[in-house]
Trainee: 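I have a structure here, written as structure tokens, and I will follow up with some questions on it.
FYI, side chains are in, hydrogens and waters are out, and symmetry mates aren't considered; it's all heavy atoms of this structure.
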Amino acid sequence: MIVGFATILFVIAVGAGLAHVGVVDDGMIVTLGEVAFFAAMPALLVVTVSRIDLVGAGVNVVASASALAVNLVLYALVARLVWRRPAGEVVIGSLVSGYVNAGNLGIAIAAFVVGDVGVVVPTLLLQLLVVQPIALVVLDRLRGGAAALRRVATNPLTVAAVIGSVIAIAGWPLPEVVEAPLSLLGGAAIPLMLLSYGAALRLSPPVGRSGHTAEVALASGLKLAVMPVVAWAVASALGLEGPALLGVVLTAALPSAQNIFLHATRYRVGQDVARETILVTTVAALPVALVVAAVLG
């Protein structure tokens, strides 16, 4: 688990270093994000989702969905009704308060701490096939009006998740001639996102100086404290225990996913909240995860 966190922080630091010496500038940050969005991430999603076993994950789905829904709703209510933030900022803030790093760090933790990658799969699919498409529909509508549905229907991340799910449900193995290039291209997705994120950290105001301290504090608190507790409460009430319960709670305790910053950059909204919350939760999630593993492990 420590290795997983250290790996992410190292690549982020490389991105920050490249920005510091002038190799990466603001324009290149956008370019890195666009390459990840349109090419590398879709390839990664097709390969990853197509390998997933979708059977027997009912309780896990309910617990994960409940924890995610609580965070999304709580953040949206405060940001919209109390702070009167614009709709786009509310969407990004809600996502960063509950959308976990399941596809990267989550899989590593599930494999090395719980011993079963399957415990993180329900959250991964819930985010990819339900939460992300809905969020992208809203963000697209805010930008483009009548053409929004067409754009989200052709959104590369949504399309890739659907293709991967169809392959997984049908039980079709990807031919090597297809899987090999997709795996090669998909291998660039996470480094591209982390490098872009690290560069953005270096070229942006430090945490607390962007003027969004309240939003970052709320999103980080919901992510690190409320979400694991809700997941534990629901999963325990439904009879989950042992490694399965540990897996659900650890997944909920994961930091906010870096691809929310990718969305924020892509749609030019909420970048500061996404960037700072991801940083805070990535640094703080390790001790939280260690506590969860010690209590439930």
Side-chain angles (χ1 to χ4, degrees), residues 26-27 29-38 41-42 68-101 126-159 161 192-193 196-197 199-201 203-205 207-223 226-227 255-282:
D26 289 324
I29 289 174
V30 174
T31 300
L32 290 172
E34 297 281 271
V35 173
F37 185 87
F38 285 103
M41 273 300 294
L68 180 58
V70 167
N71 273 26
L72 296 179
V73 171
L74 286 178
Y75 185 92
L77 287 175
V78 174
R80 189 64 173 172
L81 300 181
V82 178
W83 295 330
R84 306 293 182 182
R85 298 304 186 207
E89 292 184 15
V90 173
V91 172
I92 294 298
S94 296
L95 287 175
V96 84
S97 75
Y99 198 109
V100 305
N101 190 348
L126 178 67
Q127 293 183 161
L128 291 177
L129 300 179
V130 180
V131 178
Q132 180 173 265
I134 291 174
L136 293 179
V137 166
V138 174
L139 290 171
D140 273 326
R141 279 189 175 277
L142 291 173
R143 289 187 65 188
L149 290 179
R150 179 185 60 81
R151 283 200 300 272
V152 78
T154 56
N155 183 288
L157 302 185
T158 304
V159 172
L192 283 171
M193 287 191 294
S196 173
Y197 174 61
L201 285 177
L203 298 178
S204 301
V207 172
R209 296 186 183 179
S210 66
H212 298 280
T213 303
E215 295 99 310
V216 173
L218 175 61
S220 300
L222 289 171
K223 181 71 222 54
V226 175
M227 194 168 182
S256 305
Q258 281 87 5
N259 62 315
I260 303 306
F261 177 72
L262 174 64
H263 297 325
T265 301
R266 167 67 181 159
Y267 292 99
R268 312 292 196 274
V269 63
Q271 293 101 317
D272 291 332
V273 173
R275 182 187 66 253
E276 294 189 8
T277 303
I278 292 168
L279 176 61
V280 170
T281 58
T282 298

Trainee: What heavy-atom pair brings Ala274 and Ala264 nearest, and what distance separates the two atoms?
Mentor: CB-CB, 4.1 Å

Trainee: Going by heavy atoms in the side chains, are Leu262 and Tyr197 under 4.5 Å from each other?
Mentor: no

Trainee: Show the atom names and distances, to 0.1 Å, of all donor-acceptor pairs under 3.5 Å that link a side chain in residues 80-97 to residues at least two apart or in another chain.
Mentor:
| residue | atom | partner | partner atom | Å |
| --- | --- | --- | --- | --- |
| Arg80 | NH1 | Arg85 | O | 2.7 |
| Arg85 | NE | Glu215 | OE2 | 2.8 |
| Arg85 | NH2 | Glu215 | OE2 | 3.0 |
| Ser94 | OG | Val90 | O | 2.8 |
| Ser97 | OG | Ser94 | O | 2.7 |

Trainee: Taking the side chain from Thr281 and the backbone from Ile278, do they hold a donor-acceptor pair closer than 3.5 Å?
Mentor: yes

Trainee: Is the shortest heavy-atom distance from the side chain of Tyr99 to the side chain of Ser256 under 4.5 Å?
Mentor: no

Trainee: Just how far is it from atom OG1 of Thr213 to atom CD of Glu276, taken to the nearest 0.5 Å?
Mentor: 6.5 Å

Trainee: Just how far is it from atom CG of Leu128 to atom CE of Met41, taken to the nearest 0.5 Å?
Mentor: 7.0 Å

Trainee: With side chains defined as the heavy atoms from C-beta onward, is the minimum distance between Val30 and Arg268 less than 4.5 Å?
Mentor: yes

Trainee: Would Tyr75 and Lys223 satisfy side chain to side chain contact (heavy atoms under 4.5 Å, CB included), going step by step from the backbone distance to the final call?
Mentor: CA-CA 10 Å; Tyr75 185 92; Lys223 181 71 222 54; over 6 Å; no

Trainee: Measuring from His212:NE2 to Thr277:OG1, what's the distance to the nearest 0.5 Å?
Mentor: 10.5 Å

Trainee: Please check if the side chain of Glu34 supplies one atom and the backbone of Leu32 the other of a donor-acceptor pair under 3.5 Å.
Mentor: no

Trainee: Can you list the steps and then say if Gln132 with Asn259 is a side chain to side chain contact (heavy atoms under 4.5 Å, CB included)?
Mentor: CA-CA 10 Å; Gln132 180 173 265; Asn259 62 315; 3.6 Å; yes

Trainee: Going from CG on Asn101 to OG1 on Thr282, what distance comes out if it is rounded to the nearest 0.5 angstrom?
Mentor: 7.0 Å

Trainee: State whether the side chain of Ser220 and the backbone N or O of Val216 hold a donor-acceptor pair below 3.5 Å, judged by distance alone.
Mentor: yes

Trainee: So, using side chain to side chain contact (heavy atoms under 4.5 Å, CB included) as the criterion, who are the partners of Val73 when residues are at least two apart?
Mentor: Leu77

Trainee: Could you go through the side chain to side chain contact (heavy atoms under 4.5 Å, CB included) check for Met227 and Leu68 one step at a time?
Mentor: CA-CA 7 Å; Met227 194 168 182; Leu68 180 58; 4.1 Å; yes

Trainee: Which heavy atom of Pro156 sits nearest a heavy atom of Pro42, and at what distance?
Mentor: CB-CG, 3.5 Å

Trainee: Taking the six-membered ring of Phe261, is NZ or CZ of Arg275 closer than 6.0 Å to its centre and within 45° of its axis?
Mentor: no

Trainee: How long is the span from the OG1 atom in Thr31 to the CG atom in Asp26, to the nearest 0.5 Å?
Mentor: 11.0 Å

Trainee: How long is the straight-line distance from NE2 of His263 back to CG of Leu157, given to the nearest 0.5 Å?
Mentor: 5.5 Å

